[in-house]
There are 2 protein chains.
Amino acid sequence: MIVSADRPSVTPPLPPLTAPVEDYLKAIYELESRQGSATTSDVAEALAVAPASVTGMVRRLAAQGYLDHVPYRGAQLTDAGRRAALRTIRRHRILESYLSGILGYPWDRVHDEAEQLEHAASDELIERMAAALGFPTVDPHGAPIPTADGTVEERAHRSLADWPTGEPALMARVSDKDAALLRYLADIGLQPGTEVTVLHRAPFDGPLTLRIGTADVMVGPRVASQVLVAAPTPLRPPDAC
Amino acid sequence: MIVSADRPSVTPPLPPLTAPVEDYLKAIYELESRQGSATTSDVAEALAVAPASVTGMVRRLAAQGYLDHVPYRGAQLTDAGRRAALRTIRRHRILESYLSGILGYPWDRVHDEAEQLEHAASDELIERMAAALGFPTVDPHGAPIPTADGTVEERAHRSLADWPTGEPALMARVSDKDAALLRYLADIGLQPGTEVTVLHRAPFDGPLTLRIGTADVMVGPRVASQVLVAAPTPLRPPDAC
DNA sequence: CGGCGTGTTTAGGCTCGCCTAACTTAGGGT
DNA sequence: ACCCTAAGTTAGGCGAGCCTAAACACGCCG
Ligand SMILES: [Mn+2]
Ligand SMILES: [Mn+2]
Ligand SMILES: [Mn+2]
Ligand SMILES: [Mn+2]
């Protein structure tokens, strides 16, 4: 009688993930959802680590069932890996929201703090913070907060660089990684929820003239391309007019 | 020309302490202030680690100037070691206060959470939490919070087990380490600031009858010995009567 | 089709923090 | 004074994460 028992379906109790492992899974998740799969050098760059270190870690994580790895071809998360990544991302974004919303942190300094705390905070703490915030659905930079059971609603936004001239838009999201950019955006009054209109776009990748509130501001194309926007009041059903 | 350059007096920029190192220094500080010096096995017990591991770590910390170690005789913190320990203790106690005071944690669960967060939180976060609390001077268990520049005011309390019968006292402090004891004390309404009177003490290490508020409660001597108390309203000047 | 460069992996090595097993030391008891 | 035991240290080893240097694979380009 032959019993095939490779990869038992009943998972034995896994040890808690270490901080580096959580950061790898998070980075791979983000690269994967942007580029389809995560290459060794992209992960290395994202984590400021040598490529050889990534190869080693990826091999370990594949052995533990968090991802599939085809040598020379990149890595892709398994369900277990995606679950773990989304858990860390949830913690990160709730922490950012709490620091910004309750403790008065400026939005350009919440990321670094959350990058550490996401590995130390208990589930109870995270849920208490979420409750104190009224269970927010997006973080201070407009990124969606995964639910506790591991689902995210990723909205497909357009870049302000592509948005048609003259049509008002709502600022929706910006990366949390570039603190200087965030400070600049705060300066000119651009944050998630702000209405913004592209008044004019100079040719040859020239600057854009924006109307933000009552003020007109000129920004470079590098800034505009980083700012994601959406159509205003997209929540009302289409037949409501 | 001979220049003696061993042990330069200008300290080079030290790398940030790791979480285990912070926990060692904290444990040694606490043992030292309770027993004069910290023995290898006491530290091992406090950190749930093998004695051999302590010997190794103590050797490293001595080499880095955080403590003095006489083999077979125990360890004592240097000024640098004491500073580092008090910094971690400050963070721990502010975190406990914040979790309990702002996030509604029960006081028996703040310790474990703070034990992790104390290594991850930035100075800015700690100071923002302290500010949100109005710069508290004691934590939820009555332990004094060291100042940012590294001083603590340790009050010499007496145990409830020794307190004279009939004289009212104020509950002042209890260890944060035993969650079950903390739950019990919360149950019977004993927390820092509560007035308590020993009505009767049964002989041969028998139970104590306490008056807490309007209720009478009997507690064992093991509980009473853990509860530290002080004379009521010790803040009013003596000539105020 | 063969060579070449970029990207990846392998090989070997390091520190930190922990372990167990074997030893040494200090110090109290006889 | 000596021995015995408890406490402490040494020896040797392990896994996690990182590194550099060297070998190698893929796929593009001539
Ligand atoms: Mn972030
Ligand atoms: Mn992180
Ligand atoms: Mn505590
Ligand atoms: Mn700790």
Side-chain angles (χ1 to χ4, degrees), chain A residues 12-28 31-32 35-76 81 84 88 115-116 118-120, chain B residues 12-28 31-32 34-76 81 84-85 88 115-116 118-120:
Chain A
L14 297 171
L17 301 177
T18 64
V21 164
E22 289 184 336
D23 281 337
Y24 272 94
L25 292 174
K26 200 165 51 122
I28 292 168
L31 288 166
E32 192 179 296
Q35 318 178 353
S37 89
T39 69
T40 299
S41 38
D42 283 348
V43 177
E45 153 124 49
L47 298 178
V49 129
S53 306
V54 175
T55 303
M57 179 62 88
V58 157
R59 216 164 47 74
R60 263 177 55 205
L61 295 179
Q64 292 172 23
Y66 291 111
L67 47 79
D68 295 317
H69 182 224
V70 185
Y72 293 98
R73 281 297 177 70
Q76 267 186 312
T88 306
E115 199 58 55
Q116 299 307 122
E118 64 190 357
H119 313 295
Chain B
L14 297 171
L17 301 177
T18 64
V21 164
E22 289 184 336
D23 281 337
Y24 271 94
L25 292 174
K26 198 165 52 121
I28 292 168
L31 288 166
E32 192 179 296
R34 232 181 302 133
Q35 318 178 353
S37 89
T39 68
T40 298
S41 38
D42 283 347
V43 177
E45 153 126 47
L47 298 178
V49 130
S53 306
V54 176
T55 302
M57 179 62 88
V58 157
R59 219 163 46 74
R60 263 179 53 205
L61 295 179
Q64 291 171 23
Y66 292 110
L67 47 80
D68 295 317
H69 183 222
V70 185
Y72 295 99
R73 281 298 178 70
Q76 267 186 311
T88 307
E115 199 58 54
Q116 300 306 123
E118 64 190 357
H119 313 294

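Residue numbering restarts at 1 for every chain, and letters A, B, ... go by the order of the sequence lines. On a predicted model such as this, the values are computed, not experimentally measured, just so you know. FYI, side chains are in, hydrogens and waters are out, and symmetry mates aren't considered; it's all heavy atoms of this structure.
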(message) With heavy atoms of chain A within less than 4.0 Å as the criterion, where does contact along DNA chain D begin and end?
(response) dA16(D) to dG27(D)
Could you pull out all residues at least two apart from [X] that satisfy side-chain hydrogen bond (donor to acceptor under 3.5 Å, both in side chains)?
X: Gln76(B); result: none
X: His119(B); result: Glu22(B), Asp23(B)
X: Gln116(B); result: none

Who pairs with [X] by side-chain contact (heavy atoms from CB on, under 4.5 Å), at least two apart in sequence or on another chain?
X: Arg73(A); result: Val70(A)
X: Thr39(B); result: Ser41(B), Asp42(B)
X: Glu45(B); result: none
X: Ala27(A); result: Ala46(A), Leu47(A)

(request) Measure across Leu31(B) and Ala38(B) and return the closest heavy-atom pair with its distance rounded to 0.1 Å. (result) CB-CB, 3.9 Å
(request) Report the distance from atom CD1 of Ile28(B) to atom OH of Tyr66(B), rounding to the nearest 0.5 Å. (result) 12.5 Å
(request) Under 4.0 Å from any atom of DNA chain D, heavy atoms only: list the residues of residues 38-48 of chain B that qualify, in numerical order. (result) Thr39(B), Thr40(B), Ser41(B)
(message) I need the residues from residues 49-57 of chain B with at least one non-hydrogen atom less than 4.0 Å from DNA chain C; give them sorted by number, or say none.
(response) Val49(B), Ala50(B), Ala52(B), Ser53(B), Met57(B)
(message) On DNA chain D, does the nearest nucleotide to Ala19(A) precede the nearest nucleotide to Pro71(A) from the 5' side, or the other way round? Give the residue.
(response) Ala19(A)
(request) May I have the step-by-step check of side chain to side chain contact (heavy atoms under 4.5 Å, CB included) for Thr88(B) and Leu25(B), ending in yes or no? (result) CA-CA 9 Å; Thr88(B) 307; Leu25(B) 292 174; over 6 Å; no
Show me, pair by pair, the donor-acceptor contacts under 3.5 angstrom made by side chains of residues 55-64 of chain A, not counting sequence neighbours?
from     : atom 1 : to       : atom 2 : distance (Å)
Thr55(A) : OG1    : Pro51(A) : O      : 3.4

(request) Using the heavy-atom set of chain B and a strict 4.0 Å cut-off, write down the first and last nucleotide of DNA chain C that makes it in, 5' to 3'. (result) dC16(C) to dG27(C)
